[in-house]
Structures are given as structure tokens and as C-alpha cells.
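Only one structure is covered here, and it is reproduced in the block below.
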Amino acid sequence: MSSVFEGNNIPSTIRKLGIPAMLGQLATLIYNLADTYFVSLTKSADQIAAVTLCVPVLLIIMSIACVFGMGGGSVIARQLGEGRKEDSAKCLNFCVYSIGIAGVLVLAAGLLVLKPAAYLIGADEGNFGYTCDYLEWIFLGAPFIMLSNGLAHSLRSVGMIKESTLGIALGNAVNILLDWIFIVFLHMGTAGAALATSIGFFCASAYYLFCLIREEGHGNELVSLSPGNFKPEKDMVLKVILIGIPGALITVMMSVSNIVLNNYIAIYGSDAVASYGIAYKIDMLPIMLSVGLSQGVAPLLGYYYGAKEEKRLEKAMGISIIYGMVLGGVFTALFMSFSEGFASIFLYEEALVAQTSHFLQLLCFHAPLLGIINMVTSYFQALGKAAGSLGITLLRNVVLFIPGVMVLNYFWKLNGVILTQLLVEGILTVICLIMYRISAPKNMIQPQAFPAGNLEAQPEIH
């Protein structure tokens, strides 16, 4: 396990960790793109709009799992850097069972509030029924959606990088196949899309659990799934939650801001919602790849921090930011050059294709900035500095974005609403660079200088 993090070639280590995580995020995006593509074959703007409106709900469900997946992954990586393998196994056990319990609670709560939730996310008379159909199957699949997403992070934190990526790819393949069967042949529409998604996540979850059981059977000291070992310790639970909540809030707040955005776009009709939905999902390619890179590198940053490797930590950050900015620049160039081609994959009417192409060109300029914003956010999460990542999240999705939508809608109508994201992330990039420079460790704090389980005793690093 440790050999993954201990390589002397930092760029190579970043690629080994980042590329599988990026592919995993790409596969997750394909879950939703596949739903959108097959639903678009119905040529119904209401059904396309319904899938678009439900994306924030799906992301919120995933984000709850990230409390334990990302939070646990950060804690486990730092424990391994400090040589505390037994504690890492206990933390993994706690996270697996916690995700499963939370999934059952989300299923029950979601079905109780299904119709109010549909109205809350912006459904209207035309797409309300389709929206409820999609939400029902997504809530029924919530335990598996959460297990799949949470365990993908947990497996990466204990060095099972290949298995993490393969699980997402397996679920994705099942989802695409079932989309084709349920929507094209059985004409189930949005209900078929959501059912296919839930079954895909079920298959991924089953694969992950199989891998963990196999590792435990082979004597992997980092894996312990026995229910008898589910003994949450206060300090461990506190660490996981305090680190995981800001990570989860990134997705939750993004979903909340998207709900606000969708409600403003809905003012201009279902065609506008459908066009924006397609443009946004295409633009999610660089977003998700950037998130994957930052999440893949996060355990490495945590390991370097736990091992007191200050120079390696700073070098890994610098290289990762450069990779992210170059990646974003490539996508900006692609979208500016071929926006109509991307839009025409999902849409057939010329007016909708033209509108979607225009929206995509307005959105895509933010892509290079993601390399800075997402890496700085992951940096704070990896080091256990929850306040930093939480601050970035709140600035991005609440303090700047929601007022920005309102103001730009007033002055420039629909174009202003779409441009909000670029404006917000331009401002946030400057803030992130300042936060990182202030917080970057100059002298690595010795872990033994404070009790390992006491978060309050840990001094801030300046």
C-alpha cells in the first residue's frame, strides 16, 4: 500500500493516482449523460428537462456518502502516513457501515417527500410526472448509489485504485445497457433512465463489497468488515465527519445553487431548461475530470502531511494545479471550436442546438480555473483543515453564486444567468490562491506534538 505513495517520481505518482480517479469521475458523468442521451431519443423537451431538474437530487444523495467516503479517506491516508495501520482498518470499517445505514435513511425520507421535492427543484405542469418518475427510482436506489460513491473513495485511500475505477466502469456499463433496453425497447422514459442508473450503482456496490471481502480473506491488514469491529470511537467519528462534511457540502451546495439556477432558467421555458441541461452536462466533462484529479491526489497530499514531507507536499500541489489548468484549457478550446457538434449529439431541433451551443460557449471559459479551485479545496480536505474547504464551498455556491444569478438575471436576462458561473469562479480563483499561500506549511507540524485523536489540540499551520 505505502509503495503507491512513496515513489520518488512525484509527477508519475500523481498520474498513477489521478488518472484512475479521473476515469472514475468520467464514468460517473456518463451515468447521467447516458440517461440524457437515451431520454433525448424520445424528442420530448419535458422529459429532457425532468432529467436535468433531477441531477441536483442525485448529486445530493452522492454527497451524503462523501461525508464518510472523502472524510474517511482523508483520515485513513494521514493515519497510514503516520504508520497507524490498525486505526486505518477501524476507520474503513466505520465508514462502510455508516454509508449503508445512511443510505437506508435517505431511501425512506426521499419517498416521503417525493412530490414536494419535485416542486422544489423546479418541476412544472409539463414535466412534473416525469420528474416524479425519475425521483422515485433514484430514492429506491439510494443505498446503492451511496455505497458505490462512498466505497470508491474508501478503496482509493487503502491503495485499491484499480478496483475503485473498475467498479465505477462496471456500474456505468450496466447503466448504459439498461438505458437502451428500458428506454428504447420498453419505452419507460425517465423512469427507465432512473431504474437503469440505480441498478448500475447496485452492481458497482456489489463489486466493491466483493473486493473488500476478498482482501480481508487474503489477510489485508487495512480491511476489516466484521460487524463486531464496528465500534465507532468518538475522536475518529469526529475527525471523519468534520473533514467529510465540507467535502460533501461542495456537492450539496453545488446542487442547491443549481436548483436556484434551474428555477431562474425555468422562467424562460422548458426549451431553455433543456438547452441549459445539455450544455451543463457537456461542460461537466472538464468539471468532473478536474474533481477526479483533485480527489485522486488528495490521499497523496494527506500521506505527505502525515509523514511530514513538506517539500513533496508543496511540489505535488504545484504539479497537480498545472495539470488541472492545462486539462481545462484543452476543453475550453474544444468547446469553443465544436460546440454545435457536441450539442447535436443530444438534440435535433436547430433552434435548440443553436441555443445549447451558445450556452456551452458561455460556460466553457471557467474550465482552466477549476485546476486551481478544486486542488486548493482538496488540499484543505487532505490536511484535515475543514474550515478552509468549507469556506471555499460557501463562497462558491452561496455567498457569490446565488446573489450573482439574481443580479445578472436582472441586467442581462438568460445570458446573465448562464455567465454567473464564470464570474464567480474568476473571483474564487484569486481567493483560493491567497488562502493557499497563507495556509501553505512553512514548517511541518510534528504529529506527536499533540494527541492523535484530539482535533482541538492541533494548531493551525501558517
Rounded to the nearest 0.5 angstrom, the CG-CG distance for L408 and L414 is 12.0 Å

Using modelled atom types and a 3.5 Å cut-off, is there a donor and acceptor pairing between side-chain atoms of S205 and backbone atoms of S148?
yes

Check the pair L334 / L285 against side chain to side chain contact (heavy atoms under 4.5 Å, CB included), numbers first and verdict last.
CA-CA 11 Å; L334 282 173; L285 281 165; over 6 Å; no

Would you check if C54 and I121 make a side-chain contact, meaning some heavy-atom pair closer than 4.5 Å?
yes

Could you tell me if the side chain of H366 sits less than 4.5 Å from the side chain of T332, heavy atoms only?
no

Got a second to check how far L135's CG is from L53's CG, nearest 0.5 Å?
9.0 Å

Got a sec, which pairs hit ring-ring contact (aromatic ring centres under 6.0 Å, His included) with one end in residues 395-430, sequence neighbours left out?
none

Separation between CG (L327) and CD1 (I322), nearest 0.5 Å, reads 13.5 Å

Test item: Y134 and T197 side chains (from C-beta on) under 4.5 Å apart, heavy atoms
yes

Does some side-chain heavy atom of Y208 sit less than 4.5 Å from a side-chain heavy atom of L147?
no

Under 4.5 Å between any side-chain heavy atoms of F182 and L195, yes or no?
yes

Do side-chain atoms of N172 reach the backbone of I168 as a donor and acceptor pair under 3.5 angstrom?
no

Pick one: which of L301, T393, I392 meets side chain to side chain contact (heavy atoms under 4.5 Å, CB included) with F380?
I392

Walk me through it: do Y119 and F128 pass the test ring-ring contact (aromatic ring centres under 6.0 Å, His included)?
CA-CA 8 Å; Y119 282 119; F128 179 79; 4.4 Å; yes

Determine the minimum heavy-atom distance between P143 and V104, stating which atoms define it.
CG-N, 4.0 Å

Minimum heavy-atom separation for N175 and A193, please, with both atom names.
OD1-O, 4.3 Å

Residues F144, F202; criterion ring-ring contact (aromatic ring centres under 6.0 Å, His included); working and verdict
CA-CA 5 Å; F144 309 114; F202 167 79; 4.9 Å; yes

How long is the gap from OG1 on T429 to CZ on R396, to the nearest 0.5 Å?
8.5 Å

Between F185 and W180, does the ring centre distance come in under 6.0 Å?
yes

Can you check whether P286's main-chain N or O pairs, donor with acceptor, with S290's side chain at less than 3.5 Å?
no

For L105 and I64, run side chain to side chain contact (heavy atoms under 4.5 Å, CB included): C-alpha distance rounded to whole Å, both residues' side-chain angles, the deciding distance at 0.1 Å, then the answer.
CA-CA 11 Å; L105 295 175; I64 298 171; over 6 Å; no

Please test L41 against I183 for side chain to side chain contact (heavy atoms under 4.5 Å, CB included), starting from the C-alpha separation and ending with a verdict.
CA-CA 9 Å; L41 297 179; I183 299 173; 5.7 Å; no

Separation between CG (D133) and CD1 (I138), nearest 0.5 Å, reads 12.0 Å

Check whether any side-chain heavy atom of M62 sits under 4.5 Å from a side-chain heavy atom of M146, and report yes or no.
no

One pair to check against side chain to side chain contact (heavy atoms under 4.5 Å, CB included): V174 and F201. What are the steps and the verdict?
CA-CA 9 Å; V174 171; F201 279 120; over 6 Å; no

Closest approach of G296 and L17, non-hydrogen atoms and distance?
O-CB, 3.4 Å

Test E163 against R214 for salt bridge (Lys or Arg N to Asp or Glu O under 4.0 Å), laying out the working first.
CA-CA 12 Å; E163 290 84 351; R214 180 195 63 195; 3.4 Å; yes

Identify the heavy atoms of Q355 and S275 that sit nearest to each other, and give their distance.
NE2-OG, 2.9 Å

Shortest non-hydrogen pair, N374 vs S294, comes out as O-CB, 3.5 Å

Distance-only polar pair, side chains of T190 and Q47, donor-acceptor under 3.5 Å:
no

I'd like to check Q421 versus I287 (side-chain heavy atoms, cut-off strictly below 4.5 Å). Are they in contact?
yes

Between Y268 and N409: side-chain donor-acceptor atoms closer than 3.5 Å
yes

Closer than 3.5 angstrom, by distance alone: can the side chain of S198 be matched with the main-chain N or O of W137 as a donor-acceptor pair?
yes

Looking at C95 and V240, what are the two nearest heavy atoms and their distance?
SG-CG1, 4.3 Å

Non-hydrogen side-chain atoms of L363 and Y276 separated by less than 4.5 Å:
yes

Go through the side-chain N and O atoms of E340 and S357 and say whether any donor and acceptor fall under 3.5 Å apart.
no

In a check of side chain to side chain contact (heavy atoms under 4.5 Å, CB included) between L400 and each of V405, I427, L394, L423, which one passes?
I427

Checking Y280, F365, F359, F342 against F335 for ring-ring contact (aromatic ring centres under 6.0 Å, His included), the one that qualifies is F342

Going from CD1 on I372 to CD1 on I321, what distance comes out if it is rounded to the nearest 0.5 angstrom?
6.5 Å

